[in-house]
Each structure stands twice: as C-alpha cells, then as structure tokens.
Chemist: 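If you scroll down you'll find the structure; I have some questions about it.
Computed from heavy atoms alone, side chains included, the values below leave out hydrogens, waters and symmetry copies.
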Amino acid sequence: MAEEEGPTVELRQRRKLKSSENKESAKEEKIRDTPMPERAPKHVLFQRFAKIFIGCLAAVTSGMMYALYLSAYHERKFWFSNRQELEREITFQGDSAIYYSYYKDMLKAPSFERGVYELTHNNKTVSLKTINAVQQMSLYPELIASVLYQATGSNEIIEPVYFYIGIVFGLQGIYVTALFVTSWLMSGTWLAGMLTVAWFIINRVDTTRIEYSIPLRENWALPYFACQIAALTGYLKSNLNTYGERFCYLLMSASTYTFMMMWEYSHYLLFLQAISLFLLDSFSLEQSEKLNVKKGTFIAKIMKVINFYLVCTLTVTLNIIMKMFVPHKENGHMLKFLEVKFGLNMTKNFTMNWLLCQESLQAPSQDFFLRLTQSSLLPFYVLVLIICFLSMMQVIFRRINGKSLKETITLEDGRIGGRPEIIYHVIHTILLGSLAMVIEGLKYLWTPYVCMLAAFGVCSPELWMTLFKWLRLRTVHPVLLALILSMAVPTIIGLSLWKEFFPRLMTELMELQEFYDPDTVELMTWIKRQAPVAAVFAGSPQLMGAIKLCTGWMVTSLPLYNDDDLLKRNENIYQIYSKRSAEDIYKILTSYKANYLIVEDAICNEVGTMRGCRVKDLLDIANGHVVCEEGDKLTYSKYGRFCHEVKINYSPYVNYFTRVYWNRSYFVYKINTVISFQS
C-alpha cells in the first residue's frame, strides 16, 4: 500500500504544481494582452497641469485668505493691538486661559527640558495636588509652539501672544485647504472646493469655535484630521497610481499620529472612522488589498467576525477591564453622562447635572437648522446624501444578488454609489450627523463635512447623471445636461451667496467691537499688587483659570472635567453659592489651604435662561434643599445662601471671613486663620 500510495501523492503534487503554473501563465498572458496606455498628447498634459496648478493655487489662497480673515476679525472684535498684556490675557476664558498660561510658563523656563519637567511634575497650579499637566491637558501644542517661538528667533520680532494665535489661525487655514482638496478629489473640479470654503466661512458659527476660544484642543487637532480625511479620500480612489497611494498612506499616517497627540478625545472620532471603513469593507466596495481583509473562504469569514468584534467592542471591553483592575472613577464619567442624557438613569449629582445643562451638550436648536437652510447648505446636503445613499444601496443589492459590476465606473454609467471614497464619506457623515442630532457641541465635527459633501455633490456630473438614470431622461442627452448642471448650479449658488453674505462679512471686518471688562482687570491688578505670593485663591473654576493666567497665583480648582479629584473640588468650591453654614464653607476652603475667597455676583444673582440650570439651583438639588412634592418645589434649609449672607457682615460670617476688596462684580474675602467669635 505504501508503494502504491507514493506515486499517487506524487501525481497530486504534480497536478498542484501544474495548476499553479497554469494560473501564473494565465496572469502573465493577461498582462501581455493588456494594452499599454498610450502617452497623452502634449496639449492634454498641459491642460491637466494647468487644471491642477490653478486648483492648488485656489486651495492655498483660500486657506491663506481665511487665516487672514480670522486674524483681522479677532483684531476688530477685541481691539487686540491697542490692549495691555493683562487685558489681552483676559480674553482667554475658562480652560483656554489654562492652556495659554502653560505656554507662558514654557517661555519663562530656563530651558526646554526644565520647562517640560515642571509641567509634568506641576505643583504650583492647584493647591495640595501635583499633576502631569502635559498628559492630563494634552499640552503638546503649547510645547511645540514654545519651541518654534524660540528656535525661529520670533521672540525678537513678534510678541508671544501673536505668535500663539497666529499658529492657530494658520492651522485653520490648513483646515479649510484640506476640505477644499477633499471636495476637489471627490468631484474632479476645484469649483467644489471653492463652494466648500464659501459655505464653511458663511456658516462658521456652526463649523468652528475658533471665534470663542482660540486655544481649544479641537482647534489644534481638527486641521490634521481634515488632512487625514483628504489623504484617505485620495487613497480610496480606484484610479490612483502606486506613487500616489504611497504618498496618501504616508500623509494619513503622519496626520493621524499628530491628530491623536493634539486632542485627548481623538480616539472617539477615529473609532467612528474605523466603523466607516469596516462597513465599507463589509459591503465589498473596495479592493481587498487596500483594506487588508481577505474574502471568500470560511477562515476569512471567521476573521471578519473577529474583526467586527475588535472594531465595535474593543473599547467597551477595555473599559470594563480597567474598571475591574484600576481603582479610578474617571472611566465611568462618560458612561454615567450618557445614561442620564438618554433618560436611562436619574441623578442629583451636581457635576453631572451641570454638564447636562451646558448648551453644547443639549440637542441642536431650531436656529441651527434655520441658519444652515438660509445659506442653502442643508437642502443641497440632504439632496446629495439621499442620491448617494440610494445609489450605494443599489450597488450593494446588486452585489448581493450576484450581478457583476464594472470595476471602472464611467460618467455614462450613472452609478456614483459604486465609488468607495463616496461611500466612505456617506457612512461617516451619517455617523457624525447622528451624534450631532443628540449633542449640539458635536456639530463642529459634522457641519464642515456637510459643507464638503454638499459642494462635491452639486459640482459632480456623476451625481446628476445618477439622478437622470433613475428618471430615465430622454428629451435631452443626460450626459450633456449633467455636465451643464454641474457647472451652472454651483455658479448660481456662489453668486447668490456672494450677493447675500459677502456684504455681511465685510461689515464684520469694518465694525470695531471693543471688549470691555474693567471689573476683571481691577481684580487681577489688585491680586498682583496686594495678595501675598504664596496665597491660594478659591472661586469658580472659570475664574480660577483666568487668575492662573493673569497673575500666576495658586488656585484650588481648574475648569477641567477629566479628573475625578478636580471634579470633586469644583463641586465643593461651588458650595459658596449654596445654603450652607459659614462653618461648613470655612472647613471646605481650609481643607484645600485656601487663603482668599472670591464671590462672583453674576453667579450669586444668576438669572438662568433654562429652568433649574442655575448653579445655585443645581446645588440645592444636590444638597437636598429643594424637595419636589406633586409638582411643587419646597425649599428647606435653616441657613441662608452663603454668597448673600457673607456680604451682610454679621456674625458668624465675619468671624470666618474678612472682606478685603470688592467692585461691582467681585467680592474678595480673606479666610481668617484665627477665629474670634463676637456677639
């Protein structure tokens, strides 16, 4: 049997070798039979070069003009060049003040290494707490900006604040340029890029927060994400050559890494992107070698299931493991917030309810949709999205039914849903839009891509051809009509936008809007002149950020919401606006080694626009001083509101606190170290 089996095995091996040789020879024959592409005539090459040159020039010019516009608008809004340094720094509000203060600290450090060490072992910002500010606050932008400022010799040419905001404005120019290029790549015409930029600037109230808070992490990070999207769009195109793929791949890698380094919440956005790419691969709408997933065999299907699990559940699994083994409560904040946000749970927690009351975490208002409609953005976006989505579903059902489709899509095919880069953007914008419909703050991630997708659609002949194929248009040649509409529609939109919105933009640049806050300037001046260097100040987190930037004095809390200890500190310090006794407030403040207390009249006498969202209302709920019975709210506390009572200057408040400074907005009290009770 062994002797008979030997020739049989040898015969099988020969057959396998023969079959593999046949496959290789067939591939070689196919390659030989494939006609070599003819070299394009010189006039065609010149036209392509001119088109690319003009498009690149328009993209770069658009970015530069937008950056200059932001700089001019910022100057007119704050009258920045005519301000003293203290008045300039006051324009940085909340967490923005903290970011810029660390940039100042890096410039004051004797060396870069010493500055980094002091930030990673920082014990001069928050009392009784050492923090790694670089890791906790993602201060890599400030580190890079400080290095560039000193390495380029800019300290002899320009002031630090102008260099800092200039970098951010420059990144916003790159942001706009990347959106321009993405729309250009998808539509094939740089006219789409121009329309993208126009819609982005006109709707900038909903596309960016650069006007309100310059140092925000998203303003540093999102330009790199836009570059990554542009590179990914080019990489997914089916007609890209090898060198183009390599360039796009390298640009994707570099921009993704930088994006992750700049923003602590970047992984959430990358997670949505991973889901989009996974769905694109699952629909078999891209070449397998580009997404690195094999198809066809049973093993491949098992791998796809594992891949789906890793993409969709890995973060949840890691979160559960971290909760089990790491004794930190920060990991549960996001989950608790979502539970309360969607009505799955109820809470009296002050911090959670305060976050839910923030406008950026509410559902979008009607004004948001009205603004997008007035600029004609939303109607065209909905039209483009519907056509692309239906075409995508049509392609998917054809593949499910086993119908063969052409690998190279032409204009006459009218099948825009077969292009992988288009399908990726459709999936991605649907995911981002779904989140933006729940949390208004996420509109700044979604609306820029609404501008890009809408501009691509109206400028793309393929989209109009897809629509005409469904309508079975016969009276006019559909290809000709599609080409005409892809030029006429964006031209008409552009002219209408120019007529209606360009005068408004020019008016904004002409108006001088003076930023005037004398009370805060007086407060900071008094602190720098009168307070001891070792003093520790307590007050609202937003004000503490400004004090840290403008004076450098130590504070008890910061406007940060990713640290459990800081969240608890913020809630405890906010008790100065609750109905607690003077003794309770004194114990809280002295536990953080505070020497001075600042009471803000705007918070103490706040008249909130949303019912139950004032700081003092949330504190009353958290402390159980408001009891709800059959729709009626009954207030119960044997103490008056501290911020009111301490102003009256009677015992026992004067025994614990001595007023040392006040103006129309702020009341500063020294926390007594020796308590003397008087009758």
Chemist: Would you sort out whether Thr347 and Asn353 count as a side chain to side chain contact (heavy atoms under 4.5 Å, CB included), showing the intermediate values?
Modeler: CA-CA 8 Å; Thr347 182; Asn353 288 327; 3.8 Å; yes

Chemist: Test your reading of the model: is there a side-chain donor-acceptor pair from Trp553 to the backbone of Pro532, 3.5 Å cut-off?
Modeler: yes

Chemist: For a quick test of reading the model, state the closest non-hydrogen atom pair linking Leu549 to Ala97 and the distance between them.
Modeler: CB-O, 3.6 Å

Chemist: Is the shortest side-chain heavy-atom distance between Glu75 and Ser81 below 4.5 Å?
Modeler: yes

Chemist: Nearest 0.5 Å please: distance from the CD1 atom of Ile573 over to the NZ atom of Lys568.
Modeler: 11.5 Å

Chemist: Run the ring-ring contact (aromatic ring centres under 6.0 Å, His included) test against Tyr574 and tell me which residues pass, sequence neighbours left out.
Modeler: Phe350

Chemist: Who pairs with Glu85 by salt bridge (charged side-chain N to carboxylate O under 4.0 Å, His left out), at least two apart in sequence or on another chain?
Modeler: none

Chemist: For Cys604, what residues pass the disulfide bond (SG atoms under 2.5 Å apart) criterion, not counting sequence neighbours?
Modeler: Cys643

Chemist: Less than 4.5 Å apart, any side-chain heavy atom of Tyr73 and any of Leu70?
Modeler: no

Chemist: What is the minimum heavy-atom distance between Val181 and Ala59, and which atoms define it?
Modeler: CG2-CB, 4.4 Å

Chemist: Give a yes or no on whether Met437 atom CE has more than 12 heavy-atom contacts from other residues, nucleotides or ligands under 6.0 Å away.
Modeler: yes

Chemist: Do Arg88 and Phe80 meet the cation-pi criteria used here (NZ or CZ under 6.0 Å from the six-membered ring centre, within 45° of the axis)?
Modeler: yes

Chemist: Mark yes or no for whether Glu156, through its side chain, and Gly153, through its backbone, hold a donor-acceptor pair below 3.5 Å.
Modeler: no

Chemist: Under the ring-ring contact (aromatic ring centres under 6.0 Å, His included) rule, collect the residues that match up with Tyr249, sequence neighbours excluded.
Modeler: none

Chemist: First locate atom CG of Leu567, then atom CG of Leu558, and finally report the distance between them rounded to the nearest 0.5 Å.
Modeler: 11.5 Å

Chemist: Quickly, which of Leu442, Leu432, Leu431, Leu435 forms a side-chain contact (heavy atoms from CB on, under 4.5 Å) with Leu269? Name it, please.
Modeler: Leu432

Chemist: My understanding is that only residues two or more places apart in sequence, or in another chain, count here; which of them pass side-chain hydrogen bond (donor to acceptor under 3.5 Å, both in side chains) with Thr196?
Modeler: Ser183

Chemist: Hey, could you give me each pair passing side-chain hydrogen bond (donor to acceptor under 3.5 Å, both in side chains) that has a residue in residues 162-171? Not counting sequence neighbours.
Modeler: Glu142-Tyr164

Chemist: Mind checking side-chain hydrogen bond (donor to acceptor under 3.5 Å, both in side chains) for Tyr102 and listing every partner two or more places apart, or none if nothing turns up?
Modeler: Thr125

Chemist: Report the residues that fulfil ring-ring contact (aromatic ring centres under 6.0 Å, His included) with Tyr99, sequence neighbours left out, ordered by chain and then residue number.
Modeler: none

Chemist: Give a yes or no answer on whether the side chain of Thr120 reaches the backbone of Val116 with a donor-acceptor pair at less than 3.5 Å.
Modeler: yes

Chemist: Is there a donor-acceptor pair closer than 3.5 Å between any side-chain N or O of Tyr265 and the backbone N or O of Glu218?
Modeler: no

Chemist: Determine, stepwise, if the pair Tyr66 / Thr177 fulfils side chain to side chain contact (heavy atoms under 4.5 Å, CB included).
Modeler: CA-CA 9 Å; Tyr66 180 59; Thr177 301; over 6 Å; no

Chemist: Have Gln273 and Gln228 got a donor and an acceptor in their side chains that come within less than 3.5 Å?
Modeler: yes

Chemist: Scan side-chain atoms only and decide if His121 and Tyr117 contain a donor-acceptor pair under the 3.5 Å cut-off.
Modeler: no

Chemist: State whether a side-chain donor-acceptor pair under 3.5 Å links Thr520 with Tyr666.
Modeler: yes

Chemist: State the CD1-CG distance between Ile439 and Leu356, to the nearest 0.5 angstrom.
Modeler: 9.5 Å

Chemist: A side-chain contact here means heavy atoms from C-beta on lying under 4.5 Å apart; do Thr208 and Leu222 qualify?
Modeler: no

Chemist: Tell me whether the centres of the aromatic rings in Trp354 and Tyr561 are closer together than 6.0 Å.
Modeler: yes

Chemist: Roughly how far, to the nearest 0.5 Å, is the OG1 atom of Thr233 from the NE2 atom of His428?
Modeler: 10.5 Å

Chemist: Looking at Asn122 and Ile131, would you say the former's side chain and the latter's main chain have a donor-acceptor pair under 3.5 Å?
Modeler: no

Chemist: Provide the full list of side-chain hydrogen bond (donor to acceptor under 3.5 Å, both in side chains) pairs with a residue in residues 433-443, sequence neighbours left out, each pair given once.
Modeler: Asp206-Lys443, Glu440-Lys443

Chemist: Looking at Glu508 and Arg204, does any basic side-chain N land under 4.0 Å from a carboxylate oxygen?
Modeler: yes

Chemist: Rounded at 0.5 Å granularity, tell me how far CD in Gln136 sits from OG in Ser138.
Modeler: 9.5 Å

Chemist: Other residues, nucleotides and ligands only: do more than 12 of their heavy atoms fall within 6.0 Å of CE on Met261?
Modeler: yes

Chemist: Test Met262 against Ile144 for side chain to side chain contact (heavy atoms under 4.5 Å, CB included), laying out the working first.
Modeler: CA-CA 10 Å; Met262 293 290 178; Ile144 296 172; 3.7 Å; yes

Chemist: As a quick check of understanding, evaluate ring pair (Phe, Tyr, Trp, His ring centres under 6.0 Å) for Phe78 and His74, giving each step before the final call.
Modeler: CA-CA 6 Å; Phe78 294 106; His74 181 264; 5.0 Å; yes

Chemist: Kindly compute the distance separating CZ (Arg217) from OG (Ser96), expressed to the nearest 0.5 Å.
Modeler: 8.5 Å

Chemist: Does the plane of the ring in Trp184 sit parallel, tilted or perpendicular to the ring in Phe180? Use 30° and 60° as the thresholds.
Modeler: perpendicular

Chemist: Donor-acceptor check, side chain of Ser146 to backbone of Leu143, threshold 3.5 angstrom: yes or no?
Modeler: yes

Chemist: Is a side-chain N or O of Ser71 found less than 3.5 angstrom from the main chain of Leu68, in a donor-acceptor match?
Modeler: no

Chemist: Who passes ring-ring contact (aromatic ring centres under 6.0 Å, His included) against Phe259, sequence neighbours left out?
Modeler: Phe225

Chemist: List for me each residue that meets side-chain hydrogen bond (donor to acceptor under 3.5 Å, both in side chains) alongside Gln172, sequence neighbours excluded, and say none if there are none.
Modeler: none

Chemist: Applying ring pair (Phe, Tyr, Trp, His ring centres under 6.0 Å) between Phe163 and each of Tyr149, Phe169, Tyr103, report the one that passes.
Modeler: Tyr149

Chemist: Quick one: list whatever passes side-chain hydrogen bond (donor to acceptor under 3.5 Å, both in side chains) with Tyr592, sequence neighbours left out.
Modeler: Asn572

Chemist: Report yes if the side chains of Leu179 and Cys451 come closer than 4.5 Å at any heavy-atom pair, otherwise no.
Modeler: no

Chemist: Search all heavy atoms of Tyr424 against all heavy atoms of Leu277 and return the closest pair with its distance.
Modeler: CD1-CD2, 3.9 Å

Chemist: Does the pair Thr429 and Met452 meet the rule for a side chain to side chain contact (heavy atoms under 4.5 Å, CB included), with working shown?
Modeler: CA-CA 10 Å; Thr429 191; Met452 181 267 298; over 6 Å; no

Chemist: Less than 4.0 angstrom from a charged side-chain N to a carboxylate O is my criterion; do Arg569 and Asp565 meet it?
Modeler: yes

Chemist: Would you say Pro215 and Val168 make side-chain contact, with heavy atoms under 4.5 Å?
Modeler: no

